[in-house]
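Input: a single structure, listed below in structure tokens.
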Protein chains: 2
Amino acid sequence: MAGNAARASDPDSFRRAKALVHRIVAERHDRPSLVAEIACEVGAEIIEGVRAPGDDLNSVELSKRFSTSRTPIREALMLLEKEGLVDVPPRKRPRVAVPDLQDIREIYRARAALFELIAADVARSASEEGLERLRSRFAEMQAAHRAGDVNAFVWANVDFYDQNTLLANNRTVKRILDSLLLRTARLRHLSLSQPGRMARSCDDHARLLKAYEDRDATLAAALIRSNHINALAALETYLASVAEQPRG
Amino acid sequence: MAGNAARASDPDSFRRAKALVHRIVAERHDRPSLVAEIACEVGAEIIEGVRAPGDDLNSVELSKRFSTSRTPIREALMLLEKEGLVDVPPRKRPRVAVPDLQDIREIYRARAALFELIAADVARSASEEGLERLRSRFAEMQAAHRAGDVNAFVWANVDFYDQNTLLANNRTVKRILDSLLLRTARLRHLSLSQPGRMARSCDDHARLLKAYEDRDATLAAALIRSNHINALAALETYLASVAEQPRG
DNA sequence: CCGTTCCAATGTGTCGACAGATAAGCACGA
DNA sequence: TCGTGCTTATCTGTCGACACATTGGAACGG
């Protein structure tokens, strides 16, 4: 595939982003598919910040870059629009979506509501094997925290949540949550970069695991809600600070 | 009489279905758009049961019918797939989606969780003018109930819920709920056709309005949840009965 | 009669081309 | 300097065509 100019400095994180987009956006295209390949590459670039919100994504340029016609490009962009990463206005050029603060608040609230459902179900019905997988993901989060590696923490966190949605065995909700996750993936490391956030998040998740082990669905749901509220608050703090001093 | 064929003969219901699909699937295509027109027509046909789950939707046939090339057809089908009405496997022919019982349960649970959010927000912050609009929609539901017109009741109910999501001023959640609504639109008639369901639903909605007027967010959320649980139960009862005696 | 193997018919994914819409550049006037 | 209107360049939506995958069905053998 076409070499990409100013790629994010962390190639491993980019690879993870690409895999995430593939899992969510192209889960059905198991065989190598042109559209899936394009969608994953462009989607990962958006998540990793290689392409900033508002950047132009016109199909002519992309078709040159990927050496294809515009048809598969258009289809890939529509897939990304479905996940909220791209904005494709009729008769105008597609752009990287520009989520405003209200969007972000709405996404976090929706995520919280649906994840409460998931967490309650996990608490009620997860197998010991499933809980073990959750513990393993949590251990990765802790390791990343100790290492002070925000990127690794973010991806371990993504894995942790993914495991949750898998255990709840609810495809519909999982699909929605995955889509909401993609929209905020770019922002997650900002939120978790806030001082003390990683430690707090580790605490929250430890308690969540405990609630799961105790089969306490109510507590698990409440913890999930609390975690989302905290994450949003940290994000709002960060966004307010960069809004005040853009060159901070 | 399963009602599928019968519903197709109600042109007003079909018109409403088309408008619903347009609002949800093609909200951005304000100007007459080829793709939007196709998507609305086919989407309405699916909702109204003209096309049964599993029916073939190959792009060649559709392109003949709409006198276009296959490109806009494919795009329209992708729009409908986004809303869960159509299934487009790679390299295979698109089909009308076939939701199984688990899908339906998941959808109702997800809807309930998100609508609790909406209802709580409406209870907290709806204007008197907004509440008045809700009352007006509710009056239509009551009128349809008195007239014993299930079709009219269903559409008034759709309007009522739409007004709720508007009042909560949460585009993200509204989008998700609209999509989930489309998936089950075809089933709503069945659920509300169950004996006593319309009366029960009227009761529930009267109490919901009361909770709104009292600004009781907790009660509003609980009522919404209860209403969804009841609707799902009615639907399951119906589905179980047709499963036992398919030719009943 | 049923299950396989193979072939023809049909449909999908992709392509390059075109008309018309949008955006970028430029000249002009305040 | 900036805004305004025109011109040109570029992009989008749609089209018909092609190679290849899938599907339906016939011929064959058990």
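Letters A, B, ... are given to chains in the order of the sequence lines, protein chains preceding strands, and every chain is numbered from 1.
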Original post:
Can you find a pair of side-chain heavy atoms, one from B/Tyr161 and one from B/Ile224, that are under 4.5 Å apart?
Top reply: yes
**OP:** Find the bend of the helix from C/dC1-D/dG30 to C/dA30-D/dT1 as the angle between its two terminal axes (five pairs each), to the nearest 10°.
**Re:** 30°
Polar atom pairs (N or O), protein with nucleotides 17-25 of chain C, under 3.5 Å:
{"unit_1": "C/dT22", "atom_1": "OP1", "unit_2": "B/Arg31", "atom_2": "NH1", "d": "3.1"}

Electrostatic pair [X]:[Y] at N-O distance under 4.0 angstrom:
X        : Y        : answer
B/Asp121 : A/Arg109 : yes
A/Arg105 : A/Glu236 : yes
A/Lys174 : A/Asp178 : yes
A/Arg171 : B/Asp100 : yes

Atom [atom1] of [X] to atom [atom2] of [N]: distance rounded to whole Å?
X       : N      : atom1 : atom2 : result
A/Phe66 : C/dG13 : CZ    : P     : 19 Å
A/Leu62 : C/dC15 : CG    : P     : 14 Å
B/Asn58 : C/dT10 : CG    : C1'   : 8 Å
A/Arg28 : C/dT12 : CZ    : P     : 14 Å
A/Leu34 : D/dC20 : CG    : P     : 15 Å

**OP:** Would you classify B/Ser33 as touching base, sugar-phosphate or nothing, given that sugar-phosphate means primed atoms plus P, OP1 and OP2, and contacts are heavy atoms under 4.0 Å?
**Re:** nothing
**OP:** Within residues 71-80 of chain B, find the residues that approach DNA chain D with a heavy atom at under 4.0 Å, and present them sorted by residue number.
**Re:** B/Thr71, B/Pro72
**OP:** Examine the side chains of B/Asp56 and B/Asn58 and answer whether a donor and an acceptor come within less than 3.5 Å of each other.
**Re:** yes
Original post:
Can you tell me if B/Ser179 and B/Arg183 form a side-chain donor-acceptor pair at under 3.5 Å?
Top reply: yes
Original post:
OP1 or OP2 of D/dT14 sitting under 4.0 Å from any side-chain N/O of B/Thr68?
Top reply: no
Subject >> Test ring-ring contact (aromatic ring centres under 6.0 Å, His included) applied to A/Tyr108 - qualifying residues, sequence neighbours left out >> reply: none
Subject >> Counterpart residues, side chain to side chain contact (heavy atoms under 4.5 Å, CB included), relative to A/Thr237 (two or more places apart) >> reply: A/Gln194
Original post:
Does atom CZ of A/Arg133 have more than 12 heavy-atom neighbours, drawn from other residues, nucleotides or ligands, at distances under 6.0 Å?
Top reply: yes
Please set out all donor-acceptor pairs under 3.5 angstrom arising from side-chain atoms of residues 71-82 of chain A, sequence neighbours excluded.
{"unit_1": "A/Arg74", "atom_1": "NH2", "unit_2": "B/Glu75", "atom_2": "OE1", "d": "3.0"}
{"unit_1": "A/Glu75", "atom_1": "OE1", "unit_2": "B/Arg74", "atom_2": "NH2", "d": "2.9"}
{"unit_1": "A/Glu81", "atom_1": "OE2", "unit_2": "A/Val88", "atom_2": "N", "d": "3.4"}

